Chemist: 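I am attaching a structure below and will ask some questions about it afterwards.
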Amino acid sequence: MGFIELKQVTKNFGDLQVIKPLDLEIKDGEFTVFVGPSGCGKSTLLRLIAGLEDLTSGSIQIDGREASQDAPAKRGLAMVFQSYALYPHMNVYKNIAFPLKMVGMDKDAIDKKVRKAAEVLNLNDYLERKPAQLSGGQRQRVAIGRAIVREPSAFLFDEPLSNLDAALRVGMRLEISELHKRLNTTMIYVTHDQVEAMTMADRIVVMNHGVIEQVGTPLELYRNPKNLFVAGFIGSPKMNFIEGSWAQAQGAHSVGIRPEHISITAEQSEWKGVVKMAESLGSDTFLHIQDSGVAETLTVRADGEKSFNRGQEVFLKPKKESLHLFNEKGERQ
Amino acid sequence: MMAPAVILLLGWMLAPLTTTLYFSFKKYLPLRGGDLGWVGFDNYVRFVTSSSFWPSVYTTLIIVGFVLAITVIFGVLLALLLDQPMWGQGIVRILVIAPFFVMPTVSGLVWKNMFMDPINGILAHLWRFFGLQPLEWLSQFSMGSIILIVSWQWLPFATLILLTAIQSLDREQLEAAEMDGANNTKRFGYIILPHLSRAITIVILIQTIFLLSIFAEIFVTTAGAFGTKTLTYLIFQRVLESQNIGLGSAGGVYAIILANIVAIFLMRIVGKSLDAKES
Ligand SMILES: Nc1ncnc2c1ncn2[C@@H]1O[C@H](COP(=O)(O)OP(=O)(O)O)[C@@H](O)[C@H]1O
Ligand SMILES: [Mg+2]
């Protein structure tokens, strides 16, 4: 079981309220991702759940039991830190065995569990090595192994992939997702990278300045962002925002439209602009358009087969049924 | 490019060593005839067979051993304490470091006259306040007193090195251990102490080098009486009080040998304990 409920949780550091009153339910077995820009309070929220920080007010319940006052070890949660926080003087085996040793498990039982975890994580050949002798990806796996053996009711990850290079990151992303499928345990995963959030999450919690902007599945957030912040944060390249008379004509203060919802037409249509830059990804080409008269630059997705030149004039047609309309407060209307 | 520096350094170290070796094979009595020629190993034999030799080695080792133990144990405790966030941290830290800046001679005199004096010392007043007979520290508890004074001097050094080491410990490791169910004692034993092991080694090695040659603290307090005659002090007496340079030089060579034995011995056990912890 790993059902976590936050009620009116706040956290102050001195005078600074880092987490504003906040409610959140994390369902058992769900892969939840906290995503938001750096400094928005994701780590703080995770550490509150872990018990590494004390709540300023509010309460945290784990599996229906009040846990706000419990020591971290009592909450039955395991955490994987950004720095991995491996114990440098212990070898891989001892690192993974550490939590079991702390609860006083007997040696044979520990050995069985450690070897099983090492098997699952492909660490069998490295059990005698010290963390310093491992690659980034291997260290990451040791940290995960140390979390797995405890059989926690939920795993907490704080930007676990941010110290890895791009290629490894994609690999580890898959491994963590597969781990989640196999264990079916609640996982809370913190990242500032919306691509990680979109690809891994069952549910995404978008945070900004200590408040939750929106909670939903990746596609819900992509298709129906509740406000300008979520609209701009989710999706790459970013959604285009248009204000002014054209937006007013659509009956909104500002209008958002994703790059794939603007098509390039042969004849004169709604908008016209000049290609400033073409980013070719092979399958798609993203055009940065200037002088469209509606926004400073528009990003438009075009077919990767076609070629575009700098300075070329193009006609653009927004897909009217895919517009996102926002009022003056930036809320979806 | 390195050569001049190396040569200078070698000369710097070798000059006194060769002089000591040279004189140790001579009968040299400055006030009673000066250089009286080569005597082979006579000085060495005389120095070891003197009844003061083994007691002085023993005294040296006792002082070094106790001071090391006291400064390391209390140094770790103080460092842990100073690492805690607290009010007036800066001032407290400076106060803790202060004894290190007091010259050994001065600190020896201060301890002797202000604290340990059996009539006017602060400790004597304290004892009388509790209705007890004041102790004659430097005669009744001579070794304990010397160990106390020297420990007081070296504790700041140990504390400072250990505090820096504690502050370099990654907080996430402690948090990970906390989540793994390690209580305060276990976090200390499994995470903090192993992290400090290298700093402790450094403290032990550096202090040993200096402690083997402590002199001023003994000179101004007991003057080597009451069983506080260390090897260094014995050499001093041979050279200056007995005016026997040759004999003193032989003692100096023994002191070098002792220092090396102690250093190798310490490296061995400390190195082993490091290996054992890391495996
Ligand atoms: N221990 C602390 N003391 C004071 N301020 C803190 C502390 N930890 C975090 N903060 C502040 O709280 C805010 C949120 O931090 P954090 O939760 O680490 O952000 P994120 O993980 O989303 O990047 C930041 O402005 C940070 O400076
Ligand atoms: Mg963070």
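Every chain is numbered from 1 and lettered A, B, ... according to where its sequence line falls, protein lines coming before strand lines. As the structure is a computational prediction, the values presented were derived from the model and not from experiment.
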Chemist: Using atom types as modelled, flag every donor-acceptor pair under 3.5 Å from a side chain in residues 65-73 of chain B to any protein atom, sequence neighbours excluded.
Modeler:
residue	atom	partner	partner atom	Å
Thr71(B)	OG1	Val67(B)	O	2.7
Thr71(B)	OG1	Leu68(B)	O	3.1
Thr71(B)	OG1	Gln207(B)	NE2	2.9

Chemist: Could you tell me which of Met179(B), Lys186(B), His195(B) has the largest number of non-hydrogen atom pairs under 4.5 Å with chain A?
Modeler: Met179(B)
Chemist: More than 12 heavy atoms of other residues, nucleotides or ligands under 6.0 Å from NZ of Lys20(A): yes or no?
Modeler: yes
Chemist: Got a sec: does the CE of Met103(B) have more than 12 other heavy atoms crowding it under 6.0 Å?
Modeler: no
Chemist: Quick check on the structure: residues of residues 55-81 of chain A within a heavy-atom distance below 4.5 Å of chain B, by number.
Modeler: Pro72(A), Ala73(A), Leu77(A), Met79(A), Phe81(A)
Chemist: Near Phe219(B) CZ, under 6.0 Å, is it more than 12 heavy atoms from other residues, nucleotides or ligands?
Modeler: no
Chemist: Less than 6.0 Å separating the ring centroids of Tyr87(A) and Tyr190(B)?
Modeler: no
Chemist: Would a distance-only check, ignoring hydrogens and angles, find a side-chain to backbone donor-acceptor pair under 3.5 Å from Arg146(A) to Ala176(B)?
Modeler: no
Chemist: Going from CG on Leu52(A) to CD on Glu172(B), what distance comes out if it is rounded to the nearest 0.5 angstrom?
Modeler: 9.0 Å
Chemist: Are there over 12 heavy-atom neighbours, none belonging to Tyr58(B), within less than 6.0 Å of that residue's OH?
Modeler: no
Chemist: Is the number of heavy atoms from other residues, nucleotides or ligands under 6.0 Å of Phe210(B) CZ greater than 12?
Modeler: no
Chemist: Take atom CD1 of Ile91(B) as the centre, draw a 6.0 Å sphere, and report whether it contains more than 12 heavy atoms from other residues, nucleotides or ligands.
Modeler: no
Chemist: Check each atom of Leu100(A) against the heavy atoms of chain B and say whether the ones under 4.5 Å are side chain, backbone, both or neither.
Modeler: neither
Chemist: Looking at every heavy atom in both Ile191(B) and Met90(A), which two are closest together, and how far apart are they?
Modeler: CD1-CE, 4.4 Å
Chemist: In Å, rounded to the nearest 0.5 Å, how long is the span from CZ of Arg171(B) to OG of Ser83(A)?
Modeler: 12.5 Å
Chemist: Could you grab the distance from atom CE of Met102(A) to atom CG of Asn183(B), nearest 0.5 Å is fine?
Modeler: 8.0 Å
Chemist: For Leu80(B), give me all partners under side chain to side chain contact (heavy atoms under 4.5 Å, CB included), at least two apart in sequence or on another chain.
Modeler: Val76(B), Ile166(B), Phe188(B), Ile192(B)
Chemist: Sort by residue number and list every member of residues 175-192 of chain A having a non-hydrogen atom under 4.5 Å from chain B.
Modeler: none
